[in-house]
Amino acid sequence: MNRSTVIDAHNVSKVYNPDTIPVYAVNNVHLHLERGEFTALVGPSGSGKTTLLNLIGGLDRPDSGEIIINGVDITKLSDNQLIDFRLHNIGFVFQSFNLIPVLTAKENVEMIMHLQRLSKGDRDTRVGQLFDEIQLSDKLNSRPSELSGGQQQRVAVARALASKPQFVLADEPTANLDTKSAFNLLDIMLKLNQEENITFLFSTHDQRVIERARRVITLVDGKIASDTAPVNVATTT
Amino acid sequence: MIVLMSWRNIWRNKARSVVIMISIMLGLFAGISILSLYKGMIHSKVRTVIDRESGHIQIHHPKFKDDYLPEFTITDSQAVAKTLQIPNVYAATQRVVTSGMITTTTGSAGVNIYGIDPESEKAISKLDEKIIEGNYFNTSTRNPIVIGKKLATKMKLKLKSKIVLTFMDSTNTMVAAAYRVVAIYESENAPFDERTVYTTKSNLNNLLNIGDKFHEIAVILNHDEDLDAVTAELKSKFPDLLVETWKQVSPETELMVSTTDQYSYIILIIIMLALAFGIINTMLMAILERTREIGMLVALGMNKLKLFTLILSETLFLTFAGTPLAILLSYVLITYFNNNGLDLSGFGEDMMKEFGFQNLIYPEFPWDKISGLTAIVSVTAILSGLLPAMKALRLKPTEALRK
């Protein structure tokens, strides 16, 4: 495996109802992502985008195949090891933001670092950096209910990056946002991708997002139907 | 952070949390009140037994209590004087005791007959203070007798009524003597009043044919705490006699003291068990409402221990939030009734007396049981939190996130 490889998935399949009427949500997929990629996973509803993201994110287990993240085959990890692996290696951004309503924006981001047992000083420094990057330094102490949808999703991105993950998985991150908020979020994600070499893999139906992705993988019926070549992928040594 | 989240989570649905907190508060308040009431009742009962019936300590011939035969007397005429020499002994009296039959024109009944020294008895059983009709042996009546109100009512006796007492003397000869009721007493123990009559020691001595001897020494101490020390000293002073504390003289009272705590805790556990279902229901609802959020936390990397801690902390907060208020509320109320008394005669004037309790109870705040109470509440909270926590732990992140 190349040193810059972040995700290497081979022959990954996920079958629902294997004993009755088998439905291949993901069917023998091979996927290779290098550090710094900004990749969109597209396809019609039911094509297996979310299932594939869940498998790569270690939220679900494949029925066959192997998924190697940063050199670790996550299909062989126990549940507890997988939780710990996710905490330190993968950032998640969900379609409906999923911020914790009883915590402030700062606390939502800080929580991940709490789980990682970072010191208060490290947490404060990282929170400051992240809120500068998402341009919400004035909303640190706001509750999610006091933020707009776009602002909440930016906080969710900050939370995904709080643990300094290997890559960020985003499931339809702009689906619930208006055009302005969606572009604003995309700008931030691209900036993080270009300036900090953060790898993004996101599922989307949104043409605005697809146009700005530098690699587009199309899934149809659980299989990769097309995979455009990556453009200007940043390299790391 | 976990504790902060737990605390804030319980206020997400204020109405639901407040309802469960109030129910826990009321349950605990009821439990503490029952503990206090029982403590007050038992204290009152013990005081009645010590101060109005048996005294702290009694001394008998070792065989006397086997069959209450008159010949088993205390022969040391100086025994009372020797007892009074012991430090911390407040008062002591000698009694002649036998059992017999009281007969009137309306019927007959078995009674315990006490021959007492009227003066020294005042300091022991305070019989003079319990007289409700007549005079306490201040009479020239030849064979005076003081009977209890319950017996008087049952046998339709009044002051100056004539009765006949029949009993065996020390030579096993049946003796019968006519007595005149000179006073009627009423204590806090109706069954005691029904079966106990008093005459003078000299009178009963003559009829029992035991000279100047007696059967019982009753002792009152300055302080309850001196009981064991004085008992030990009396045992060494009278090695041939049977020295017993009130706990041995009145084992039913001692049993009541030792078992009341257990009954109180059982009642409290039943109350908390009922409340536990409310807590479980509330927490299950909270888990159900936050399924997606819990799935998200697990997805982001919250491990099972931290998730368990989160749910359990919420249960603990929910359970303990009402506890200080319950303790404070019950303390205020119990202190009031401790000062003013709680009159239970409304439940039936004679009901309490039938069980040997006073109508006016002074509840005592059970400080000694607060740790036990806290333990019961803690166990309730932990047990109530287990099921919701297990339910949360079983959630699969992918399924939970779809909710």
Side-chain angles (χ1 to χ4, degrees), chain A residues 14 16 25 50-55 57-61 78-104 106-118 120 123 143-145 156 159-163 165 168-169 171-172, chain B residues 1-18 282-283 285-318 321 389-403:
Chain A
K14 179 71 183 176
Y16 293 113
T50 301
T51 304
L52 184 57
L53 284 187
N54 286 342
L55 294 173
L59 299 178
D60 207 352
R61 290 179 184 277
S78 69
D79 285 352
N80 287 335
Q81 287 172 325
L82 208 47
I83 290 173
D84 196 50
F85 187 84
R86 286 198 300 265
L87 176 63
H88 291 94
N89 294 281
I90 308 171
F92 290 93
V93 178
F94 304 97
Q95 180 179 332
S96 49
F97 324 139
N98 282 347
L99 296 180
I100 297 168
V102 295
L103 299 181
T104 62
K106 181 191 174 199
E107 287 164 347
N108 262 284
V109 175
E110 207 178 3
M111 182 194 68
I112 300 298
M113 292 180 275
H114 247 292
L115 296 176
Q116 289 184 314
R117 300 177 182 218
L118 293 188
K120 188 174 186 313
R123 292 198 309 261
R143 291 280 180 96
S145 58
R159 183 179 64 185
L161 297 171
S163 62
V168 173
L169 294 177
D171 190 8
E172 310 247 10
Chain B
M1 182 69 85
I2 300 284
V3 174
L4 179 74
M5 276 173 71
S6 302
W7 175 248
R8 289 182 186 168
N9 275 336
I10 64 169
W11 299 110
R12 287 166 83 154
N13 191 327
K14 287 191 184 68
R16 190 173 61 198
S17 295
V18 166
T282 301
M283 287 308 298
M285 286 296 290
I287 300 296
L288 189 69
E289 286 170 0
R290 283 162 36 210
T291 299
R292 174 195 279 265
E293 187 178 306
I294 290 166
M296 182 272 297
L297 287 171
V298 177
L300 294 182
M302 179 175 276
N303 63 31
K304 290 182 178 177
L305 180 65
K306 286 197 168 69
L307 184 60
F308 185 83
T309 308
L310 177 75
I311 306 296
L312 205 62
S313 304
E314 286 181 36
T315 318
L316 284 169
F317 278 133
L318 205 57
M390 296 305 286
K391 195 171 173 61
L393 290 181
R394 279 200 292 266
L395 287 174
K396 292 192 186 316
T398 48
E399 290 169 10
L401 283 165
R402 276 201 291 269
K403 301 279 180 185

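Values below: all heavy atoms of this structure, side chains included; hydrogens, waters and symmetry mates excluded. Numbered from 1 within each chain, the chains take letters A, B, ... in sequence-line order.
- Checked against salt bridge (Lys or Arg N to Asp or Glu O under 4.0 Å), A:Asp171 has no partners two or more places apart in sequence or in another chain.
- Note that CE of B:Met302 is 13.5 Å distant from CG of A:Asp84, once rounded to the nearest 0.5 Å.
- If you take CD1 on B:Ile2 and CG on A:Leu115, they are separated by 6.0 Å, rounding to the nearest 0.5 Å.
- Taking chain A as the reference chain and counting heavy-atom pairs below 4.5 Å, the highest number among B:Leu300, B:Leu401, B:Leu4 is found for B:Leu300.
- Shortest non-hydrogen contact noted between A:Ile100 and B:Met296 is CG1-CE, 3.6 Å.
- With hydrogens and angles ignored, the 3.5 Å screen pairs no side-chain donor or acceptor of A:Arg86 with any backbone N or O of B:Gly301.
- Remark: of the listed residues A:Met113, A:Arg123, A:His114, A:His114 is the sole one forming a side chain to side chain contact (heavy atoms under 4.5 Å, CB included) with B:Met1.
- Here the NZ atom belonging to B:Lys396 is positioned 12.0 Å from the CG atom belonging to A:Leu59, to the nearest 0.5 angstrom.
- Around atom NZ of B:Lys391, no more than 12 heavy atoms belonging to other residues, nucleotides or ligands sit under 6.0 Å away.
- At a 4.5 Å heavy-atom cutoff, A:Gln116 makes no contact with chain B through either its backbone or its side chain.
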Name each donor-acceptor pair under 3.5 Å that joins a side chain in residues 307-316 of chain B to protein atoms two or more places apart or in another chain, with its distance.
| from | atom 1 | to | atom 2 | distance (Å) |
| --- | --- | --- | --- | --- |
| B:Thr309 | OG1 | B:Leu305 | O | 2.6 |
| B:Ser313 | OG | B:Thr309 | O | 2.5 |
| B:Glu314 | OE1 | B:Arg290 | NH1 | 3.0 |
| B:Glu314 | OE2 | B:Asn9 | ND2 | 2.9 |
| B:Glu314 | OE2 | B:Arg290 | NH2 | 2.8 |
| B:Thr315 | OG1 | B:Ile311 | O | 2.9 |

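- To the nearest 0.5 Å, atom OG1 of residue B:Thr398 and atom CG of residue A:Asp60 are 4.5 Å apart.
- For A:Phe92 against B:Ala299, the heavy-atom pair with the smallest separation is CE1-O, 3.3 Å.
- Without hydrogens or angle criteria, B:Arg8 side chain to A:Pro101 main chain gives no donor-acceptor distance under 3.5 Å.
- Using a 4.5 Å heavy-atom threshold, the side chains of A:Ile83 and B:Val298 count as touching.
- Ranked by heavy-atom pairs under 4.5 Å with chain A, the list B:Lys304, B:Lys306, B:Glu399, B:Arg12 is led by B:Arg12.
- With a 4.5 Å cut-off on non-hydrogen atoms, A:Leu103 touches chain B through its backbone and its side chain both.
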